[in-house]
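Everything on this sheet refers to the single structure shown next.
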Amino acid sequence: MVAVAILAAGKGTRMKSDLPKVCHNLGSISMVERVLHSCLAIEPERCLVIVGYQAQRVRESLSGFGGLEFVEQTEQLGTGHAVQQLLPHLEGFTGDLLVLNGDVPLLRPSTIRQLLETHQANQNDATLLTAQLPNPQGYGRVFCDGQNLLKEIVEDRDCTPDQKQNQRINAGVYCFNWLQLAKVLPELKANNDQKEYYLTDAVNYLEPVMAVDVEDYQEILGINDRKQLATAYQILQTRVKDAWMRAGVTLIDPDSITIEDTVELQPDVIVEPQTHLRGKTAIGSGSRIGPGSLIENSQLGQNVTVLYSVVSDSQVQDGTRIGPYAHLRGHVEVGESCRIGNFVELKNAQIGARTNVAHLSYLGDAKLGNRVNIGAGTITANYDGVKKHRTEIGDRSKTGSNSVLVAPITLGEDVTVAAGSVVTEDVTNDCLVIARARQVIKPGWQLKSIVKPQE
Ligand code: UD1
Ligand code: CA
């Protein structure tokens, strides 16, 4: 039996934030969500989350996970005190307890699994994950004998100058024989610089305790401030981007690109500089995205191009070209081989195949058929100040430049709208509609000359 406990009760003073530290986002999801994903991958029998500072907020942020047991630590008196709160909840539990800090979000499931296996194979009282850090400042230092058996952990602030030289650090990830841990937890004292109950002291009381070095020390970065949060984000990004390049995606100038780990890309996608792919986004092979584009929660087919544009919550079919400077948002669907061009905004619009909206248009709450041509500057007036209304345009219809379609309105198939029209009434198939004042020409007309005063 394996239970997992995640320490997530601290405020995170060094973040200087109203938001609890573990709720800060690292990419698309929070730190504590990342920790949960990693430890749930090893399928523990129980998963306990210790909450305290803004407990309700932390709980709510995790409402998407099933089967979590929340344990309240009403006063945050240290990591040891946090684990003490488990005593009543784990009464009768006889298995192993994995303890993870909620602020160590880059840990890989394979590392957790390896820690657990070492622990069980050696029947240790405790096994802790350690790392050799080039800059160990701020972390607890771990002192071992030649067999990796623990002699002592000392917190950074309680270290002598000599002890501070030790670069082997405590990652804040432990595996305990619960019955042994439960025996020593009540013994903890707060006789240290912070006047806190340290979980590391409980580790010091147990024997044998084995330390296992993590292969990639970047995994155990603990996040205490915004600088470390930014460093962690970069590490995560490098992981994600390296994996996509290995999978056949071209990234031009990867340092200027961000790709959230929720994104799916097919081989032979090309991502150009200053492009950001976020949320539940998927992009088909042969597509070229960027430079300078943001794609969020959108699905793009194959051979789509997006240039200096923003696409969110939308779907785009194969072979369509978007941009430069287009904005698709709020449930847009664009069919195959369309062109959505310069300075075009589409909102909640469904566009058929081979339709062009090439320049300077706003189409909102609209449905367009196939092979429609929208002239430059065409606008759907979809909002009457109170409600939004729909515009429908049938196959092969064309709007002249600078036409305004006042919704609700339906134009049939093969309709032509004359340039500069303000169309307010429905138009049936095969019609030309001209809705503008007729041009008037007055030959020989001049400004009346000023009447000269009589002499
Ligand atoms: C801790 C370790 C340190 C290790 C480092 C790794 C102790 C005493 N020290 O230090 O050896 O190198 O992690 O990142 O354990 N928390 C609670 N309740 C509390 C206090 C903290 O739930 O009363 C939670 C925090 O929300 C956080 C985690 O425990 O997720 C770690 O707390 P933090 O104060 O950041 O510990 P460190 O000083 O980093
Ligand atoms: Ca920490």
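Note that ligands are numbered from 1 as they come in the structure, with each ligand's atoms numbered from 1 the same way. If you're wondering where the values come from, they're calculated on a predicted model, not measured in any experiment.
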Just by modelled atom types, is the D18 backbone N or O under 3.5 Å from a matching donor or acceptor in the Q54 side chain?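 Here the side-chain-to-backbone pair exists.
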Does Q84 reach the main-chain N or O of L185 with its side chain, forming a donor-acceptor pair under 3.5 Å?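 Yes; at least one donor-acceptor contact below 3.5 Å.
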Pick one of side chain, backbone, both or neither for how [X] approaches ligand 1, counting any non-hydrogen atom pair under 4.0 Å.
{"X": "E196", "result": "neither"}
{"X": "D156", "result": "neither"}
{"X": "A82", "result": "side chain"}

NZ/NE/NH1/NH2 to OD/OE distance under 4.0 Å, R157 and D193: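 Salt bridge present between R157 and D193.
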So, R14 and D103, do they make that salt bridge, N to O below 4.0 Å?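 No, this pair does not count.
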Non-hydrogen atoms of Q85 versus ligand 1: any pair closer than 4.0 Å?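 It does not, in that no heavy atom of Q85 comes within the 4.0 Å cut-off of ligand 1.
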For L77, take its heavy atoms, then give the atoms of ligand 1 lying under 4.0 Å from any of them.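 Near L77, meaning under 4.0 Å from one of its heavy atoms, ligand 1 has 23 (O).
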How close does the nearest protein non-hydrogen atom get to atom 14 (O) of ligand 1, and which residue and atom is it?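 Going by distance alone, atom 14 (O) of ligand 1 is nearest to N101 ND2, 3.7 Å.
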If I apply the N/O under 3.5 Å rule, does [X] come out as touching ligand 1?
{"X": "T200", "value": "no"}
{"X": "Q194", "value": "no"}
{"X": "L7", "value": "yes"}

Flag for Q167-Q132: side-chain donor and acceptor within less than 3.5 Å: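 Side chains of Q132 and Q167: no pair found under 3.5 Å.
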With a cut-off of 3.0 Å, does N101 place any N/O/S atom under that distance from the Ca ion (ligand 2)?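 Given the 3.0 Å cut-off, N101 does not count as a ligand of the Ca ion (ligand 2).
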